[in-house]
Amino acid sequence: MSSPTDSFLKVYYELRTSKQIERRMLIHSFHELRNLGCNIANYQYCGMGSIFFTDYILFHKYLGIDDMISVEYSAKAKKRTNFNKPFKFIKLKFEDISNTISTLSKKKKHILWLDYDSYPDESKLSSIRDSINRLTTFSILLITFDAELLKNNKNLPDPEVTYKFYKDLYDIFFDHKFTKEDFTKAKLPKTIIKLTSNLITNSLSGNNEKIFQPLYSFVYADGHQMLTMGGILLPKNDPIDLNKMNIQSMHFIRTSFAADPYHIHVPIITKKERTYIDSLINKKEKINVDKFEIDSKMIADYQEIYRYYPNYFEAIH
Amino acid sequence: MKNEIANAFPRKKFFIEMFTRDISLEDCLMDLVDNSIDGLVRSKLIKLDYKNIISNFEKKDKSDKYFIDIEITEKQFRILDNCGGIDYEYAKTEALNFGHSDDSKKFKESRLGVYGIGLKRALFKIGNDISIQSKTKSNSLRINFNVKNWIEKDSDITDWMIPIEKNPTLDIQEGTEIIVKKLNPDIIERIKDGAFIESLRQSISKTFLFILPSGISIRINGDPVIGFTLPVSEIEGGDNSAESFTYNKVKIEIQAMFALPEKEESKWKMDISGWYIVCNGRVVLFSDKTELTGWGIKSLLPSYQPKFRAFLGIVMFYSEEPENLPWTTTKRSLNKDSSLYIQTKAKMASVARPVIQYLSKRYNKQEEEEEVDIDFSKKLKKTNLSKTLAKNNSSFKAPTIKKETDTKILVQFKAEKEDLELVKKHLRKPTMNFNSIGEYAFDYLLKQEGLK
């Protein structure tokens, strides 16, 4: 059983730029999913709203979803969570998410975000399996994990310790070809994604109704390195043409978990620089800035995410 | 190069000596009981689907119309039933074959007979002189057969045929009588071992617990076998976890719940707890706690532990084509590689998960097990199987208990006495006890790391 880390007490959620970019990219892709016949506004969203409910606000405002459940493991901040609930229609549940999964309606289509703030453990893997089992076709499953190295006795991040931990955890889903080298900080997210995808494949073994189509494989860091993987459950015997959702227009989509994840790099630039660079943007053309010293890599990073980059201002309420 | 043909013949000796080794005597005899029950199904006297099984448990008229009498002595084995009998044509062309042919579909109304080996395997295992007589509404038959004589000639496939008598006058009801004499020495030893009859009785009681209520009385040496009562329960103000689905025309119903504790002690018995897997009404696995039902398999269920002893899970498969069910030929285990079973196992884990998690949480603290045990068992009410099975699609709702469970765990570690004294001095608290130092250190870590 996982214990809660109450990360909302540590991190000011609303200011996590990369996570916000990820949310906005997801929303973009959800819009495109309409072309596959998914009426996203009628989906039920189930996630872990914490006390900030950032994803709930976005998903309601931009997607029109108004059937929402937020799950918190711990009832420690029950009143506070309730107080911060941005919309009346959000249902709060204080329980282990695995309980919620087993009660998700089979008549609805879902967006289920297992938005964990820590690394995988047994109960999380069980929840993934249960979700794959429970979710109806055309439902979307997202999984977020912490992807930092685990520490050794000297309190230092250690690939060897990490390797051993994941080998033991994933057990029969572990690929014997993996070595310590696959558990360096840079490679860990992709490795976890591969291991988890083995579990997903296994969860669907023998299933004659649905398949899992990967769509997302994000790596980002607002302090901690995190990964989000996900996709959509599609009917097995009725192939869907993914190209209908304009995949080429979304450079962050990954239709295979074997592919390199999409890294959300947030360049640190000033408001003024940003406005200037924006003014140069012309479709997909590469931008050159010679007006001031700025790395071309930074410009390229920025150009990939500018549509999803949130604005933060100081505001006096 | 010239293409020749290699021999690939069946050998009688193999069927008689080898394939009787993979099955226990109890299971062999239950194969014969299956044959009797299939007689009732073929004669349309009973049905074994989910709906009928449920309604049988509700039936007010408890009198048994049908009987299966088993008599076992060191001299002779006999099974007699009034379960509709074996049709002459079916016996002549199909029933005695080793394995069913595709043609047998026209006779395919059986639900428990799957592979076409049970009857033969049982008879070969038991003894040497076999006589079968059977009567249906329209005809009758008699077969007398000596295994030793039969085995001697094995040079041609026609040597495998067995003489059958058509429409003899028989002194039995519509049904079948099988008598085996000159029992095999191993079988005589088992029968004499003092425990065999009881072991058979228990096996039948558990295996046919869902079928006995359809009005069948099974008697061993004259004593009727009482069907085992599964201690199903109802949660006061809560719900069991249940899911049903269909896979390639097989209907599957999964239920996970708390077993009803023993009355006197409010205790659950380990040997009752676990999964019950049922194929066409016949129990294949009884209180299973192994990997076969997903225990101890990564991302399915945790390894079975005593704290789960209140867990009871029931899985019922039903198909009109029994070969589509995931059972093995002995009907005592499941085919691990069956896609149907792999899918079902994943669903079993999901259905069981909330119940298992509830139990895990209840027992977080070992010392308080006793107290929590009683508290929670009071919320469980006795119910009957029909009620439980009828609710085949519900989400788990835990019993509500006012008492807050203790979430604390005792942590112990050893430290140098010298170091502990050092801490006392450093904190300027000479009266501080060692326990408090441990607690202090832990709180310090939580604060320092910004965890709390």
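Every chain is numbered from 1, with letters handed out A, B, ... down the list of sequences.
- Neither the backbone nor the side chain of B:Leu340 comes within contact range of chain A, judged by heavy atoms closer than 4.5 Å.
- Heavy-atom pairs under 4.5 Å with chain B were tallied for A:Asn207, A:Leu125, A:Thr103, A:Leu199; the largest tally goes to A:Asn207.
- Every residue two or more places apart in sequence or in another chain was checked for a side-chain hydrogen bond (donor to acceptor under 3.5 Å, both in side chains) with B:Lys289, and none qualifies.
- With a threshold of 4.5 angstrom between heavy atoms, A:Leu204 approaches chain B through N, CA, C or O but not through any side-chain atom.
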inquiry  = Assess the residue pair A:Asp117 and A:Phe145 against the criterion (side-chain contact (heavy atoms from CB on, under 4.5 Å)); give the C-alpha distance rounded to whole Å, side-chain angles, the decisive distance to 0.1 Å, and a yes or no.
reply    = CA-CA 6 Å; A:Asp117 53 15; A:Phe145 281 133; over 6 Å; no
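- Heavy-atom distances place the backbone of A:Ser203, and not its side chain, under 4.5 Å from chain B.
- Residue A:Leu169 touches chain B through its backbone alone, counting heavy-atom pairs closer than 4.5 Å.
- Taking B:Ser395, B:Ser350, B:Ser339 one by one and counting their heavy-atom pairs under 4.5 Å with chain A, the maximum is reached by B:Ser350.
- For A:Lys236, the NZ atom is densely surrounded, since the number of other residues' heavy atoms within 6.0 Å is greater than 12.
- A cation-pi arrangement is found for A:Lys124 relative to A:Tyr116, the charged atom lying closer than 6.0 Å to the ring centre and inside a 45° cone about the ring normal.
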Distance-only criterion, 3.5 Å: show the donor-acceptor pairs between side-chain atoms of residues 248-260 of chain B and protein atoms not counting sequence neighbours.
{"from": "B:Asn248", "atom 1": "OD1", "to": "A:Asn208", "atom 2": "ND2", "distance (Å)": "3.2"}
{"from": "B:Glu253", "atom 1": "OE1", "to": "B:Asn392", "atom 2": "ND2", "distance (Å)": "2.9"}
{"from": "B:Gln255", "atom 1": "NE2", "to": "B:Thr388", "atom 2": "O", "distance (Å)": "3.0"}
{"from": "B:Gln255", "atom 1": "NE2", "to": "B:Lys391", "atom 2": "O", "distance (Å)": "3.2"}

